[in-house]
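Remarks on the structure that follows.
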Amino acid sequence: MNEKTAALLNQQVNKEFYSAYLYLDISNYYNDQDLDGYSNYYMIQAQEERDHALMFIKYMQSNNLKVTLDAIDKPDKHFSSVLDPLVAAAEHERYVTALINEIYHEAHQAKDYRTMKFLDWFVNEQMEEEDSADTMVSRYKLFGSDPKGLYLLDQEYAGRTYSAPSQTE
């Protein structure tokens with residue numbers, strides 16, 4: 001594996017841990033707003049992102065690459081409405097997609113087909129993540145300004161359960 005691909009993979013480990021931290025922050029925001037369903041949704045998002053980081057670590061270790069953990073930046077988003085975190089999450093997912101695409105591009109340039117195959121799962125995952133984030137924004141804009149609509153959305157998100165990601169799916 002070339003050095004640039006290895007470095008990008010290691011950076012992604014840290015970016016995934018940041019994503020988990022960001023989603024914990026969003027979960028805390030919704031908890032403070034007494035929106036337990038939204039809080040639950042983002043708590044599970046945080047767990048998924050942490051697991052994504054661990055998948056990258058495992059892949060790097062299986063390829064005898066050194067993993068370097070960096071400090072995780074504090075999320076710098078400040079939310080003033082229920083919609084703000086949803087928009088921030090959608091923007092963040094597009095950012096993560098760009099990061100995955102950059103690693104994929106570098107692996108392709110290096111003809112690193114093993115890494116490309118590993119990343120295929122993340123490419124598909126990011127399509128789902130972006131779709132989910134965009135749907136949450138759209139649904140809030142359609143129904144969230146009505147207290148009953150917000151209540152129903154919150155109840156729906158309260159029903160989300162955690163399922164550890166698997167690259168065999």
Side-chain angles (χ1 to χ4, degrees), residues 1-31 38-79 83-138 157 160-169:
M1 181 178 304
N2 74 23
E3 286 183 33
K4 185 171 181 186
T5 302
L8 289 171
L9 287 168
N10 196 92
Q11 286 175 6
Q12 193 62 32
V13 167
N14 294 290
K15 298 290 187 179
E16 296 290 341
F17 280 128
Y18 172 81
S19 295
Y21 207 45
L22 174 64
Y23 290 140
L24 284 173
D25 195 45
I26 291 173
S27 176
N28 288 336
Y29 172 81
Y30 284 126
N31 184 68
Y38 280 93
S39 179
N40 174 66
Y41 185 94
Y42 283 102
M43 183 64 71
I44 290 171
Q45 255 336 89
Q47 290 174 304
E48 283 188 6
E49 301 302 340
R50 183 213 57 191
D51 284 347
H52 293 169
L54 296 176
M55 291 164 70
F56 277 98
I57 289 172
K58 184 177 177 183
Y59 179 75
M60 290 181 68
Q61 290 172 339
S62 70
N63 284 279
N64 298 314
L65 298 170
K66 180 171 176 41
V67 177
T68 304
L69 299 176
D70 295 326
I72 301 171
D73 292 334
K74 179 180 178 180
D76 62 353
K77 302 288 184 194
H78 300 283
F79 310 121
L83 180 60
D84 288 349
L86 300 175
V87 172
E91 289 170 356
H92 185 73
E93 288 302 336
R94 284 188 284 281
Y95 169 70
V96 172
T97 297
L99 295 171
I100 298 295
N101 289 344
E102 182 181 0
I103 304 168
Y104 201 100
H105 175 75
E106 182 58 36
H108 183 264
Q109 294 293 105
K111 297 183 180 181
D112 182 351
Y113 303 112
R114 180 176 20 185
T115 298
M116 290 167 58
K117 183 161 178 56
F118 168 73
L119 292 172
D120 283 342
W121 185 89
F122 288 95
V123 169
N124 291 327
E125 176 71 4
Q126 282 310 120
M127 282 191 313
E128 292 174 18
E129 295 290 358
E130 283 190 45
D131 181 58
S132 293
D134 289 341
T135 297
M136 288 182 80
V137 169
S138 296
Y157 298 135
R160 185 179 187 203
T161 59
Y162 180 68
S163 179
S166 169
Q167 283 193 294
T168 59
E169 293 175 343

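Note: hydrogens, waters and symmetry copies are ignored here, and every other heavy atom, side chains too, is used.
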Evaluation steps, side-chain contact (heavy atoms from CB on, under 4.5 Å), between I26 and Y41:
CA-CA 10 Å; I26 291 173; Y41 185 94; over 6 Å; no
For the side chain of T5 and the backbone of M1, is there at least one donor-acceptor N/O pair under 3.5 Å apart?
no
Hey, does E49 have a side-chain heavy atom less than 4.5 Å from the side chain of Y21?
no
Taking the side chain as every heavy atom from C-beta outward, state whether H105 and E102 have any pair of such atoms under 4.5 Å apart.
no
All ring pair (Phe, Tyr, Trp, His ring centres under 6.0 Å) counterparts of Y38, not counting sequence neighbours:
Y30, Y157
In this structure, CG of N10 is separated from CD of E3 (nearest 0.5 Å) by 12.5 Å
Of all heavy-atom pairs linking V13 and A53, the shortest is O-CB, 3.7 Å
How far apart are the C-alpha atoms of Y42 and N28, what are their side-chain angles, what is the distance that settles it, and do they pass the side-chain hydrogen bond (donor to acceptor under 3.5 Å, both in side chains) test?
CA-CA 9 Å; Y42 283 102; N28 288 336; over 6 Å; no
Can D84 and K77 be said to form a side-chain contact (heavy atoms from CB on, under 4.5 Å), step by step?
CA-CA 9 Å; D84 288 349; K77 302 288 184 194; over 6 Å; no
For I57 and F17: C-alpha separation, side-chain torsions, deciding distance, then whether side-chain contact (heavy atoms from CB on, under 4.5 Å) applies.
CA-CA 11 Å; I57 289 172; F17 280 128; 4.1 Å; yes
Quick one: are N14 and I72 in side-chain contact, heavy atoms under 4.5 Å?
no
The reported gap from CG in L24 to CZ in R50 (rounded to nearest 0.5 angstrom) is 10.0 Å
Name each donor-acceptor pair under 3.5 Å that joins a side chain in residues 59-71 to protein atoms two or more places apart or in another chain, with its distance.
from : atom 1 : to   : atom 2 : distance (Å)
Y59  : OH     : T115 : N      : 3.1
Y59  : OH     : T115 : OG1    : 2.7
S62  : OG     : K58  : O      : 3.4
S62  : OG     : Y59  : O      : 2.8
N63  : OD1    : R114 : NH1    : 3.2
N63  : ND2    : Y59  : O      : 2.8

Indicate whether any N or O donor in one side chain lies under 3.5 Å from an N or O acceptor in the other, for R160 and Q45.
yes
Taking the six-membered ring for Trp, is the centroid-to-centroid distance between F118 and F56 below 6.0 Å?
yes
Is there a side-chain contact between Y23 and Q47 in this structure, where contact means two heavy atoms from C-beta onward sitting under 4.5 Å apart?
no
Supply the atom-to-atom distance N124 CG to I100 CD1, rounded to the nearest 0.5 angstrom.
11.5 Å
To the closest 0.5 Å, what do you measure between CE (M116) and CD1 (I103)?
13.0 Å
Do E106 and D112 come close enough that some side-chain heavy atom pair is under 4.5 Å?
no
Distance-only polar pair, side chains of Y95 and K15, donor-acceptor under 3.5 Å:
yes
What's the separation between atom CE in M55 and atom CH2 in W121, rounded to the nearest 0.5 Å?
4.0 Å
As a quick check of understanding, evaluate side-chain contact (heavy atoms from CB on, under 4.5 Å) for R94 and Q126, giving each step before the final call.
CA-CA 8 Å; R94 284 188 284 281; Q126 282 310 120; over 6 Å; no
Let's go through Q109 and N2 carefully: what are the C-alpha distance in whole Å and the side-chain angles of both, what is the deciding distance for side-chain hydrogen bond (donor to acceptor under 3.5 Å, both in side chains) to 0.1 Å, and is it a yes or a no?
CA-CA 10 Å; Q109 294 293 105; N2 74 23; over 6 Å; no
Can you tell me how far apart OG1 (T135) and CG (D131) are? Round to the nearest 0.5 Å.
4.0 Å
Heavy atoms, side chains only, cut-off 4.5 Å: are Q12 and F122 in contact?
no
Heavy-atom side-chain contact between E48 and E129 under 4.5 Å
yes
Note: P75 and Y18 closest approach over all heavy atoms is CA-OH, 3.6 Å
